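What you see is a predicted model; the values in this text were computed from it and never measured.
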Protein chains: 2
Amino acid sequence: MLNNSHYIDKLRSSGLRPTKQRIKICEILFNTEKTFHFTINDLVKKISKATNDKISLATVYNTVHAFKKKGYLKEIPINSDQSYFDTNTSHHHHFYDENQKDLIDIDDSDVEPVKINTRIPGKKIKSVEVLVKVEDINS
Amino acid sequence: MLNNSHYIDKLRSSGLRPTKQRIKICEILFNTEKTFHFTINDLVKKISKATNDKISLATVYNTVHAFKKKGYLKEIPINSDQSYFDTNTSHHHHFYDENQKDLIDIDDSDVEPVKINTRIPGKKIKSVEVLVKVEDINS
DNA sequence: TCAATAGTTTAGAACTATTATAATGTAGAA
DNA sequence: TTCTACATTATAATAGTTCTAAACTATTGA
């Protein structure tokens with residue numbers, strides 16, 4: 001809202017035109033102290049709370065994908081009917097609470113480096129992601 | 001095909017009626033030396049190859065979910081447009097080849113035990129799954 | 001053995017997340 | 001300012017999955 005020049009620069013420097021929709025989405029995703037997880041549906045709700053100018057669903061999808069491609073967002077692999085995204089793009093892992101259907105970050109420093117003692121010929125490792133599924137103690 | 005009594009017992013003992021559809025799906029999923037990964041679509045194709053009596057799509061979904069619930073199948077967390085299942089229900093991990101969209105088992109013995117040095121109060125760990133995304137070396 | 005019943009299968013409709021389309025709008029360059 | 005390539009939009013299309021409700025069948029117990 002206030003200081004958008006940062007986002008404008010960020011967008012422009014990665015070859016994305018700083019349109020008002022993209023800037024608004026930047027504000028919603030990156031103007032927070034803490035990183036967070038969201039689905040497209042979550043983001044649409046946040047947008048409609050934050051502004052009166054609605055952004056079309058297609059643009060939300062386009063923007064999220066563009067941001068993911070540029071490395072501003074990560075997609076988190078969970079079996080789910082919808083995709084989860086993370087504004088925390090640093091290397092880290094996740095708890096997935098199967099009762100609350102809630103994702104919780106695990107700091108990289110809280111996971112001992114994962115050693116994989118096998119390789120696939122002709123392939124290089126792109127990422128190593130740990131998903132810790134948890135549930136209520138009494139279940 | 002031949003010795004179905006094993007599957008009949010297995011189904012019955014877990015409270016699932018041994019219908020011919022379920023027995024057929026058991027044969028396809030569990031009559032193999034090696035475990036494998038599949039999508040619902042893969043399974044439907046295997047069924048239509050294996051038999052002339054077609055099994056309706058709804059039944060395939062129902063059966064896979066029932067088998068998953070009983071622990072005969074695992075669902076593998078990958079971001080994908082469709083769900084992947086695994087007939088290997090032992091503890092192990094996966095490579096996901098992003099170019100070929102192919103899943104490859106990583107033996108549990110090929111991954112050093114993953115130590116998580118943090119916990120969520122009131123929650124217990126249900127599983128720890130490692131997904132190693134790989135891609136072609138020249139990409 | 002046979003009817004009752006509770007669980008199962010089925011085709012097809014419905015639903016939901018996501019992607020494609022193609023017309024309109026707009027940022028940035030000339 | 002004008003042009004053009006890129007963006008946005010509403011809407012249609014697609015694809016995986018779930019729902020529905022009627023028909024079917026394995027099991028129970030009389």
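- Distance check, rounded to the nearest 0.5 Å: CD1 of Ile55(A) to CZ of Arg22(A) gives 11.0 Å.
- To the nearest 0.5 Å, atoms CD (Glu27(B)) and OG1 (Thr51(B)) are separated by 9.0 Å.
- Residue Ser83(A) is in sugar-phosphate contact alone, with no base atom involved, counting any heavy-atom pair closer than 4.0 Å across all strands shown.
- Taking atom CD1 of residue Ile47(B) and atom C1' of nucleotide dT10(C), one finds them 14 Å apart after rounding to whole Å.
- Of the charged side-chain nitrogens involved, at least one lies within less than 4.0 Å of a carboxylate oxygen, so that Lys126(A) and Glu98(B) count as a salt-bridged pair.
- Residue Val130(A) is grouped with residue Phe95(B) when hydrophobic side chains (ILVMFWY) are merged at heavy-atom distances under 4.5 angstrom, including chains of intermediate members.
- Side-chain proximity of Pro18(A) to dT8(C), dA11(C), dA27(C): nearest is dA27(C).
- The NZ-P distance, from Lys20(A) to dT8(D), rounds to 9 Å in whole Å.
- Distances shown here put a side-chain N or O of Gln21(B) below 4.0 Å from the OP1 or OP2 atom of dT10(C).
- No single ILVMFWY cluster, assembled from side-chain heavy atoms under 4.5 Å apart, contains both Leu103(B) and Ile125(A).
- In the set dT8(D), dT9(D), dC6(D), dT9(D) carries the atom at the smallest distance from any side-chain atom of Ile55(A).
- Proximity of Arg17(A) to the phosphate of dA5(D): no side-chain N or O atom is located under 4.0 Å from OP1 or OP2.
- Both the sub-6.0 Å distance and the 45° axial angle are satisfied by Lys46(B) relative to the ring of Phe36(B).
- An OP1 or OP2 oxygen of dT9(C) is reached within less than 4.0 angstrom by a side-chain nitrogen or oxygen of Thr19(B).
- Arg12(A) has a side-chain polar atom (N or O) that falls below the 4.0 Å cut-off from OP1 or OP2 of dG28(C).
- The main-chain N or O of Val128(B) is found under 3.5 Å from a side-chain atom of His91(B) such that the two form a donor-acceptor pair.
- With a cut-off of 3.5 Å on both pairing distances, the Watson-Crick and G-U wobble pairs of DNA chain C assemble into stems of 3 or more at C:1-30 with D:1-30.
- Judged by distance alone, with hydrogens and angles left aside, the side-chain atoms of Asn99(B) form no donor-acceptor pair with the main-chain N or O of Glu135(B) at under 3.5 Å.
- DNA chain C lies under 4.0 Å from at least one heavy atom of each of the following residues of residues 57-71 of chain B: Ala58(B), Thr59(B), Asn62(B).
- Annotation: cation-pi pair Lys10(B)/Phe30(B) present, NZ/CZ under 6.0 Å from the ring centroid and within 45° of its normal.
- Within 4.0 Å (heavy atoms only), Lys54(A) reaches sugar-phosphate atoms of the nucleic acid but no base atom.
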